[in-house]
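Any value given below was found using the heavy atoms of this structure, including those in side chains, with hydrogens, waters and symmetry copies removed.
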Amino acid sequence: MGRDSPPKTPSAESWLPGKAERRQVLGGALLLGALVGVPLRAWHQQVEGQAGGASDSEKLLLARLSDLVIPDSDTPGAVAVGVPAFVERALLHGLDDTASEPAGKVRMGDDRGGLPVLDQVTRDLNGRADMPFLGLKPDRQRGVLEAYDADAFGGEQGDHPWKKIKALILTGYYTSEVGASRELQYELVPGRWDPNLPLPAHNRSWSSDWTAVDFG
């Protein structure tokens, strides 16, 4: 309001004379990439509109995994509160040690941050299912993921990729307004100190007490 609208960023297509065909674009990118050292994948992502973010299939997988971990119940689930978008952004920034620091001060356009961690989870789930995980029926997806989860958190698995993805899903949900104030209980300023309180059945943890919240 009251300010000039920022100029629109031209799409990859608008830079091309006469709307060149995709094969021409990729062919030119291959030649230019060979000359200046820019990876072809970065050019391909720009043409497909995927530069700087997850692909459509990766976004679908994040949404499905988020829903399986925290589905809708008497409170909205992970998808309803926008957890998939949070996890994508967290991965792009390398949150929770999902990506190493870049060698230089500037990240290249093809730097996918921690998204390769999601790629590994995808390969693992597809291998366990003997087919694309997203092509399974919901009950079968749940079974495959439960077995994968048990392996990831059982024994001495160490730096398992699913631990990182699941931790980001839980963090995104329980730091959202719904997760912190409706799934968990929240009281900004307790009115008094009660050292001993009766614990009712199905008691919810308090989001304002981070020592009581386990993000996995």
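Cluster annotation: L91 and V79 are assigned to distinct hydrophobic clusters (Ile/Leu/Val/Met/Phe/Trp/Tyr, side-chain heavy-atom contacts under 4.5 Å, transitive).
From I165, atom CD1 reaches atom CG of L170 across 11.5 Å, with rounding to the nearest 0.5 Å. Summarising the geometry, atom CH2 belonging to W162 is positioned 9.5 Å from atom CG belonging to L118; distances are rounded to the nearest 0.5 Å.
The shortest non-hydrogen separation linking T171 to T175 is O-OG1, 2.5 Å. Between R182 and P76, the closest heavy-atom pair is NH2-CD, 3.7 Å. Annotation for L92 and G53: closest pair CD1-CA, 3.9 Å, computed over non-hydrogen atoms. Contact record, L62 with P84: CD1-O, 3.9 Å, taken as the closest heavy-atom pair.
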Residues F86, Y173; criterion side chain to side chain contact (heavy atoms under 4.5 Å, CB included); working and verdict
CA-CA 9 Å; F86 166 83; Y173 184 76; over 6 Å; no
Kindly indicate, with the supporting measurements, whether the criterion side chain to side chain contact (heavy atoms under 4.5 Å, CB included) is fulfilled by R142 and D139.
CA-CA 5 Å; R142 187 175 297 105; D139 288 345; 3.1 Å; yes
Verify side chain to side chain contact (heavy atoms under 4.5 Å, CB included) between L65 and L125, making sure each step is shown before the conclusion.
CA-CA 11 Å; L65 293 176; L125 292 174; 3.9 Å; yes
Test side chain to side chain contact (heavy atoms under 4.5 Å, CB included) on H160 and Y148 and set out the steps.
CA-CA 11 Å; H160 196 285; Y148 186 49; 3.3 Å; yes
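The side chain to side chain donor-acceptor pair (under 3.5 Å) test applied to R140 returns no partner, not counting sequence neighbours.
Salt-bridge formation is detected for the pair K164/D159: a Lys NZ or Arg NE/NH1/NH2 atom is positioned less than 4.0 Å from an Asp or Glu carboxylate oxygen.
At a threshold of 4.5 Å between non-hydrogen side-chain atoms, the residues E183 and S176 do not count as touching. Counting heavy atoms from C-beta outward, I70 and V83 have side chains that stay 4.5 Å or more apart.
For the pair Q120 (side chain) and P161 (backbone), a donor-acceptor distance under 3.5 Å is absent.
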Hey, can you pull the donor-acceptor pairs under 3.5 Å for the side chains in residues 127-135, sequence neighbours left out?
unit_1, atom_1, unit_2, atom_2, d
R128, NH1, D151, OD2, 3.3
R128, NH2, D151, OD2, 2.3

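Here side-chain hydrogen bond (donor to acceptor under 3.5 Å, both in side chains) pairs that include residues 58-67, with residues two or more places apart or in two chains, are S55-E58, E58-R112, R64-D67, R64-Q141.
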